[in-house]
Amino acid sequence: MPKCRAVPVYARRELRMRGALRGSMRQALVSLSGDARACMHWTVRGYFRKIYVEYGLELIGWPGDLPFADLSDPGLTGFGPISRLFVLWETGELRFVPAPLSRAERERRDPLDVAPCRINGGLPPSLGRSDLKKRRERKKVDVERFPPRYVRNGPKSAEWVTEEAEARAEQDPDDSDPIEDFTDVE
């Protein structure tokens, strides 16, 4: 017996149109790129890397007054923007076309120039890695020659200081100062 996918039930017409638009765009990407796992990327950097450079496709026909962003973002929610994009896609004015440049030439272009619309989220600054105070996993190497390191991820002191421990630290075991008791032996 063949598997059947349940038809999604949407609460509003706008949501149904948004789902249909996403599915149709994904099908177009899969057929044009040849990648069965192809999906739309809605950030400028993601669009540039995957859609433009890797797949060699451009999205043309995006309205200049709508921001290029995920269809669920606040700038695109509501019946007006979604229905407009849906109509543009259905009529073929909004579509994917092959990029005319070679891959090397596409890689050299500025991502902001390639974005389907001038109104977009821009390129966030590249702040480097964000694994401060986190342990990085080692590559899988020969364990016989290179034994795993001792993991030192735990606390260096107790997380909670009890009243007893604080009292022990405060009490002076000896009132004499060993430096003052030092005598110089000749």
Where is the tightest heavy-atom contact between P63 and L85, given as atom of each residue plus distance?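 Shortest heavy-atom contact: CD-CD2, 3.7 Å.
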Nearest non-hydrogen partners of A20 and F86, listed with the distance: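 Scanning both residues, the minimum pair turns out to be CB-CE1, 3.9 Å.
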Check: [Y] and [X] side chains under 4.5 Å, non-hydrogen atoms:
X: R84; Y: L94; result: no
X: I119; Y: L66; result: no
X: E58; Y: P116; result: no
X: P67; Y: D73; result: no
X: I82; Y: R13; result: no
X: L29; Y: I51; result: yes
X: L21; Y: M17; result: no

When you measure from the side chain of [X] to the backbone N and O of [Y], does any donor-acceptor pair fall under 3.5 Å?
X: R22; Y: G19; answer: no
X: Y47; Y: L59; answer: yes
X: E14; Y: G78; answer: yes
X: W42; Y: G46; answer: no
X: N120; Y: C117; answer: yes

Check this for me, if you would: do D35 and K50 make a salt bridge, where the nitrogen-to-carboxylate-oxygen distance has to be below 4.0 angstrom?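 Looking at K50 together with D35, the answer is no, because their closest N to O distance does not fall below 4.0 Å.
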D70 with R18: basic N within carboxylate O range, under 4.0 Å: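 R18 and D70: not salt-bridged.
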Could you grab the distance from atom CD of Q27 to atom CG of L32, nearest 0.5 Å is fine?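 Here the rounded value is 11.5 Å.
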Atom pair OG (S24) and CZ (R95), whose distance is rounded to the nearest 0.5 Å: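 Separation between the atoms: 13.5 Å.
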State plainly whether one hydrophobic cluster holds both [X] and [Y], where clusters connect Ile, Leu, Val, Met, Phe, Trp and Tyr through side-chain heavy atoms under 4.5 angstrom apart.
X: M40; Y: Y52; value: yes
X: L71; Y: L15; value: no
X: F96; Y: F68; value: yes
X: L88; Y: F79; value: yes
X: L101; Y: Y55; value: yes

With salt bridge (charged side-chain N to carboxylate O under 4.0 Å, His left out) as the criterion, how do R109 and E105 come out once you've worked through the C-alpha distance, each side chain's angles and the decisive distance to 0.1 Å? CA-CA 7 Å; R109 294 213 40 207; E105 292 171 324; over 6 Å; no
